[in-house]
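Have a look at the structure below before the remarks.
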Number of protein chains: 2
Amino acid sequence: MTSIEEVARQAGVSPSTVSRVARNQTNVSTVTRERVQRVITELKYIPNAVARGLKQARSGLIALLITDITSPFFTAVARGAEDAAREAGLSLLLGNSEEDSDLEAKYLRVIGERRVDGVILVPTNQAPNSLVRSLPPEIPIVLLDRSLPGFKADVVRCDTRTGTFVLGQHLLGLGHRRIAIVGGMPNIPTWPERVAGYQAALRESGVAAPPEFVIPGDYNRDGGTEAVRVLLAQGERPDAIIAANAQVALGVLDELVAAGCRVPEDVGVATIDDPFPPSAFVPRLTLVEQPGYGMGEAAVQLLVARLEPAGRAEPPREVVFEATLRIGTSCGETTIGHDDVMR
Amino acid sequence: MTSIEEVARQAGVSPSTVSRVARNQTNVSTVTRERVQRVITELKYIPNAVARGLKQARSGLIALLITDITSPFFTAVARGAEDAAREAGLSLLLGNSEEDSDLEAKYLRVIGERRVDGVILVPTNQAPNSLVRSLPPEIPIVLLDRSLPGFKADVVRCDTRTGTFVLGQHLLGLGHRRIAIVGGMPNIPTWPERVAGYQAALRESGVAAPPEFVIPGDYNRDGGTEAVRVLLAQGERPDAIIAANAQVALGVLDELVAAGCRVPEDVGVATIDDPFPPSAFVPRLTLVEQPGYGMGEAAVQLLVARLEPAGRAEPPREVVFEATLRIGTSCGETTIGHDDVMR
DNA sequence: GTGAAAGCGCTAACAA
DNA sequence: TTGTTAGCGCTTTCAC
């Protein structure tokens, strides 16, 4: 692999001069610059960022660790983060923890050893310990989607409590009375938050929210199928189901269909997430949309602020985005098209 | 940031000894090991992989550059590659070029400067030049999904020519006769390949494949809407449309619905890709499925073989996967459920 | 405008 | 079993 020394030798200059040319610094005479440039091209010299990183103690690299790469929400987050990172002159290292704490720890370890300039993390659970153990304390962290009680860090999240509350009102307005909410992981704050919004909506209308209609599970497809199995095995069947996220909603739909239930005629289904793209499909999913792209951007911006010497010591900031109800047809809505943003 | 020297000083040993302990080497006495280990934990020492990488001239890092992170196919590829990389003790750096050559070049540049051990690339176009200019020649490349004529490298791809051929036969069997194919980029080999399969199927049945039914476009949602607009503006409306990938299919569906066409009653729609997850939605999309996960795994395996000194000089290998027809209901199929793999 | 020299943090070869 | 030394490829003073 061509090194800076080799270029220097070939061009008859010192490594410093090559370095100056390679980084487009001004204090080089035109004639030298051209000569060096020619040798660089000739030898296909590509600067070694590993060596540079060692010297400069910064990498120009940030990491984003998400928990589910197949989720439209986290995909949107990744796109937003990527664009913002590029804007800021940083590269983005993406990792996928699959909602697995061990895997998360491994990624954090690798990320930390590589001395990235910062980390955007969707934490898998409530144990900041592993986090602290895997990452050098100097590396700034921005938490995304989920805060970590007792852990001081910037947070970007979405107020899905209110979102779920509004969704609950919507379902009640459609006449649903036996509403279930399913599929979130109890040790991830977004689940109790959504349950709280759901309960508040029902309470406000004096509708019962029996505990057997609140079914936790994994934040994935199986979590949805499992929950529906439990629901259908119980005495009273719900007339609407809120899935904790898009993956869960798919599992819910799978299992309802398998059980011969029609959606929305027999059971309405709604979810909380960024929308899956399908549009012309019937029914269109009613959902509470989280602005993933914007959240990814915001996380990078918080991180960039932390990278400045001035931002180092600032107190942690929290950026909270609003969720938006997108009305589809999956809960028996008849007023199709009055909010057609799902396309 | 705690360095190895600092640990050594505190523990009263040499840096080498710390290094040995940190890497779990055997030739350290138990008592020393314990003492050093204690200091490591105390000082939260995390080895600097940048320095190690500089010394060892290998990073344990490979990069995967995909063109569309919202595509279910590439998402599956990423998951497969990630699992295989972890299996092989490598970390995966993920990048998203958005089908943009400039962005691709930038990523390759960053990746190359970081001296990753290898690159898995979904090339955006047919210009290997930029590729060669952005990446040190020593870094092995595996091309994924698309080969690059005239560029010698391992390739993992899927035979979508045959897949599209079989899909064509399926559509003909359903009685469709005015079949269009839309939305692929002419300078990406997967498009002509799919068109060829389509044409072969029609030819075999003596059905015309008029050029105005072959409409290229961008490999994204807009490509689909655009194509449908063109199709509908033309004289004769197709009775079935093959979308070049899942994103395009969504655009096609969008625009058909907007134009008041029912799917599948007025126009059938099929696509080529990994499946989007939605299942209970009606219609379910008929599609030719590419095994993204397996392809990602295979790409990493090829790369790993190249990393061995023995594999360096081996001639390029090509791994071709088969595509599978998954029958849904979006083309007017009545035999629902005889191939229900789309769930 | 250019070069010499030191050093970032680590590991590998060698010596003790 | 442990330590010493050199050097990976670069940037950064500091001279000239």
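These numbers come from a predicted model, not from an experiment. The sequence lines fix the lettering, A, B, ..., with proteins before strands; numbering per chain opens at 1.
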Looking only at C:dC10, D:dG3, D:dC10, the nucleotide nearest the A:Ala51 side chain is D:dC10

Short N-O contact, A:Asp117 and A:Arg58, less than 4.0 angstrom: yes

Please report, rounded to the nearest Å, how far the C1' atom of D:dG9 is from the CD atom of A:Glu6. 12 Å

Among D:dA6, C:dT2, D:dT11, the nucleotide that comes nearest once only the side chain of A:Val28 is considered: C:dT2

Is there a side-chain contact between B:Val116 and B:Leu61 (heavy atoms, below 4.5 Å)? yes

To the nearest Å, how far apart are A:Asn48 CG and D:dC8 P? 12 Å

Mark yes or no for a side-chain to base donor-acceptor pair under 3.5 Å between B:Arg20 and D:dG3, with no hydrogen or angle criteria applied. yes

What's A:Val13 touching, base or sugar-phosphate or nothing? Going by heavy atoms closer than 4.0 Å. sugar-phosphate

Looking at B:Ser14, I'd like to know whether one of its side-chain N or O atoms comes within less than 4.0 Å of OP1 or OP2 on D:dG3. yes

Less than 4.5 Å apart, side chain to side chain, heavy atoms only: is that true for B:Ile69 and B:Phe74? no

First of B:Ala22 and A:Ser16 reached from the 5' end of DNA chain C, by closest nucleotide: A:Ser16

Would you say B:Gln56 reaches C:dA12's phosphate, i.e. side-chain N/O to OP1/OP2 under 4.0 Å? yes

Rounding to an integer number of Å, can you tell me how far A:Arg35 CZ sits from C:dT2 C1'? 11 Å

Rounded to whole Å, please give me the gap between NZ in B:Lys55 and P in C:dA12. 7 Å

To the nearest Å, give me how far apart CD1 (B:Ile4) and P (C:dG7) are. 19 Å

When you get a sec, tell me which of D:dG9, D:dT12, D:dT2 is the closest nucleotide to the side chain of A:Arg23? D:dT12

Any side-chain N or O of B:Thr32 below 4.0 angstrom from OP1/OP2 of D:dT2? yes

Is there a side-chain contact between B:Arg52 and the phosphate of C:dA12, meaning an N or O under 4.0 Å from OP1 or OP2? no

Measure the distance from CD on B:Glu113 to P on D:dG9 and round it to the nearest whole Å. 15 Å

Measure the distance from CG on A:Asn24 to P on D:dT11 and round it to the nearest whole Å. 13 Å

Could you check if a side-chain atom of A:Tyr45 sits within less than 4.5 angstrom of a side-chain atom of A:Ile4, using non-hydrogen atoms only? yes

At under 4.0 Å, does any side-chain N or O of A:Ser29 touch on OP1 or OP2 of C:dG1? no

Atom CG of A:Asn27 to atom P of D:dT11: distance rounded to whole Å? 13 Å

Phosphate OP1/OP2 of C:dT2: any A:Arg33 side-chain N/O under 4.0 Å: no

If you go through the side-chain atoms of B:Ser19, does one of them form a donor-acceptor pair with the base of C:dA12 closer than 3.5 Å? no

Looking at B:Arg79 and A:Glu98, is any side-chain nitrogen of the basic one under 4.0 Å from a carboxylate oxygen of the acidic one? yes

Is it true that B:Glu113 and B:Arg109 make a salt bridge, defined as a side-chain N closer than 4.0 Å to a carboxylate O? yes

